[in-house]
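All of these numbers come straight from a predicted model, not from anything done at the bench. Both counts, for ligands and for their atoms, begin at 1 and track the order of listing.
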Amino acid sequence: VTASPTPVLCDPAAINFCISDGTFLLQRPIQPPGNDMVDRGYAYGSTEQGTRQPHHGVDLYNATGVPVLAAAAGTVFYAGNDLSLRFGPQLDFYGNLIVLAHSLPGRTLYTLYGHLSKLDVTTGMSVQAGEKIGEVGSTGIAIGSHLHFEVRLYPQDYNSTLDPELWLNPELGTGVLAIRLVNHAGVFQSTPLDIQYYPDPNGAFTQSWQPEIYPPEMDQGNNWENALLADLLPGSYRITILWQGAWLSRWVTLETGKLTQTEFILP
Ligand SMILES: [Zn+2]
């Protein structure tokens, strides 16, 4: 089984948007009473408005010592620190980390757990889905105690990451929205993006988000999308982008436990 980029699960170009079961093959690496929610402020691909380096994973804010669980069954590719073996842009980036290898239906994927305070597994061990593998901490380059979680195609390739929220089981009662903004040549485009939630499509919107478009350095040919928003309630959403001085809008539908994909081909 070889690594492959994010699959195109349906044809959003043909019908503006499409809904599929997605590839939600991973369980959340933190479970209640820990905080199992992904932080939206520094999402995958975010630079926090240009103030930080592009985020190759997602953060789950939790106190030091909260159990970290295997996102799926697999084997421990690596458990240790990164003082002499590089997994990120520099040594001692992730601190104590674990990388698991997973044979999932049709593909091999790796998950990475960074900044741990404690490791419960050693390289080569087998783990079950949901098994405790370590504890949250702030080792390496971490602002406060949290779990940094990544999904990778290749275990030691920092540029082979995918958005973990395409793989993590959605929070109960929510779905995931993946957006692709490209030109006619299929090259990713960057532009301000606004997403509004309309519980009643004939009423007013009740919430809005402005997710960051992944920066160009994140485009290593692995990602179908260049913007993503997860943990969304089912219903109607209006996506608006500013392109060449004009506002373009599109309505899409979200369903519980499903992936909605929409593609804008920009002139
Ligand atoms: Zn992080």
When you measure from the Zn ion (ligand 1) to each N, O or S atom of [X], which atom gives the shortest distance?
X	value
H55	NE2
H148	ND1
D59	OD1

Heavy-atom side-chain proximity of L162 to W167 below 4.5 angstrom: yes

Will you find, in the side chains of [X] and [Y], an N or O donor that is under 3.5 Å from an N or O acceptor?
X	Y	answer
H55	H148	yes
R180	T262	no
E225	Y44	no

